[in-house]
Amino acid sequence: MRPLLLALLPLAAACGEESTRPAECKAFVDSFNAAMEKVHAATGEEAGAGRDLATLATAMRRTAEIYEGLDEELAARAILDEQLKLRVEAYQGIVRATRRAAGVIAAATSGSDVFPINQAQVELQELARKERAAVAEITEYCQPAP
């Protein structure tokens with residue numbers, strides 16, 4: 001009887017892992033959506049083209065803070081679904097890079113050299129593309145199987 005129970009343990013673990021996926025996916029989506037609402041509120045029109053550097057610095061400082069909080073929130077989660085965990089960890093790399101780039105823009109606005117700002121803005125555009133792709137991949141993974 002004992003060998004049968006041991007043989008069923010991996011199957012039971014897999015079933016348990018599968019049952020955590022919907023809740024873990026929902027937690028990710030909730031965290032992501034909350035952070036994006038904050039980013040949109042922080043950047044909105046005030047950080048748009050033609051705005052002054054002080055406004056841009058404030059918006060980018062706030063964006064960096066929001067992404068730092070999102071990174072900490074995601075890192076604190078114990079994700080049991082291994083495939084979701086890998087995807088979220090990859091997304092966290094994008095979150096950290098976005099936080100750094102926003103911080104570079106915020107810091108560079110106090111100087112007269114706009115090159116770091118331009119370079120970081122280009123980086124942010126690329127990171128936004130990567131973020132959309134990573135979130136789309138997580139969203140696709142989180143869809144219930146047909």
Side-chain angles (χ1 to χ4, degrees), residues 6 8-146:
L6 291 177
L8 292 177
L9 280 178
L11 180 61
C15 290
E17 181 178 296
E18 183 64 30
S19 69
T20 66
R21 186 160 125 187
E24 291 174 342
C25 286
K26 182 181 180 328
F28 171 81
V29 168
D30 290 348
S31 295
F32 173 80
N33 286 339
M36 292 307 104
E37 285 178 22
K38 291 176 188 174
V39 167
H40 289 266
T43 58
E45 288 183 27
E46 64 234 15
R51 304 298 176 177
D52 64 89
L53 288 179
T55 303
L56 176 62
T58 300
M60 289 297 102
R61 244 188 313 282
R62 182 70 184 121
T63 298
E65 291 167 359
I66 293 164
Y67 272 86
E68 181 175 16
L70 177 59
D71 183 34
E72 290 170 358
E73 188 175 333
L74 294 175
R77 283 208 165 76
I79 299 174
L80 300 178
D81 183 288
E82 284 300 318
Q83 291 301 314
L84 179 61
K85 183 177 183 175
L86 291 172
R87 287 169 170 83
V88 170
E89 286 172 351
Y91 175 67
Q92 281 181 270
I94 296 166
V95 167
R96 290 179 192 122
T98 301
R99 183 195 74 222
R100 281 189 301 274
V104 165
I105 293 173
T109 56
S110 62
S112 60
D113 184 10
V114 296
F115 180 73
I117 297 171
N118 292 338
Q119 189 175 21
Q121 285 178 325
V122 169
E123 183 180 359
L124 279 178
Q125 290 172 351
E126 177 62 17
L127 287 165
R129 184 193 65 72
K130 288 179 179 181
E131 182 175 46
R132 284 189 300 275
V135 170
E137 183 180 340
I138 291 169
T139 301
E140 182 180 328
Y141 178 75
C142 287
Q143 295 301 313

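These numbers come from a predicted model, not from an experiment.
- Remark: Arg100 engages no residue in a side-chain hydrogen bond (donor to acceptor under 3.5 Å, both in side chains) (not counting sequence neighbours).
- Listed by chain and number, the residues in a salt bridge (Lys or Arg N to Asp or Glu O under 4.0 Å) with Glu137 are Arg87 (sequence neighbours excluded).
- With sequence neighbours left out, the salt bridge (Lys or Arg N to Asp or Glu O under 4.0 Å) criterion links Arg62 to Glu65.
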Let me have the donor-acceptor pairs involving side chains of residues 114-127, under 3.5 Å, with sequence neighbours excluded, atom names and distances please.
| from | atom 1 | to | atom 2 | distance (Å) |
| --- | --- | --- | --- | --- |
| Glu126 | OE1 | Arg129 | NE | 3.3 |
| Glu126 | OE2 | Arg129 | NE | 3.2 |
| Glu126 | OE2 | Arg129 | NH2 | 2.5 |

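- Counting all heavy atoms, side chain and backbone alike, Met60 lies closest to Ile105 at CG-CG2, 3.4 Å.
- Partners of Lys26 under the side chain to side chain contact (heavy atoms under 4.5 Å, CB included) rule, at least two apart in sequence or in another chain, are Asp30.
- Each ring pair (Phe, Tyr, Trp, His ring centres under 6.0 Å) pair with one or both residues in residues 52-102, not counting sequence neighbours, appears once here: Phe28-Tyr91.
- Listed by chain and residue number, nothing satisfies the ring pair (Phe, Tyr, Trp, His ring centres under 6.0 Å) test with Phe32 (two or more places apart in sequence, or in another chain).
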Let me see the working for Val29 and Cys142 under side-chain contact (heavy atoms from CB on, under 4.5 Å), right down to the final yes or no.
-> CA-CA 10 Å; Val29 168; Cys142 287; 5.8 Å; no
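- Crowding of Gln143 atom CD: a count of heavy atoms from other residues, nucleotides or ligands under 6.0 Å exceeding 12.
- Remark: His40 NE2 to Ile66 CD1 distance equals 10.0 Å, nearest 0.5 Å.
- In this structure the side chain of Glu89 reaches within 4.5 angstrom of the side chain of Leu86, judged on heavy atoms.
- With rounding to the nearest 0.5 Å, the separation of CZ in Arg96 from CG in Asp71 is 4.0 Å.
- Remark: Arg99 CZ to Thr63 OG1 distance equals 13.0 Å, nearest 0.5 Å.
- Between Leu80 and Glu24, the closest heavy-atom pair is N-OE2, 2.6 Å.
- In plain terms, the two heavy atoms of Ala42 and Ala59 that are nearest each other are O-CB, 3.5 Å.
- Rounding to the nearest 0.5 Å gives a distance of 8.5 Å between SG of Cys25 and CD1 of Ile138.
- Remark: Ser31 pairs with Leu70, Glu73, Leu74, Arg77 by the side chain to side chain contact (heavy atoms under 4.5 Å, CB included) rule, at least two apart or across chains.
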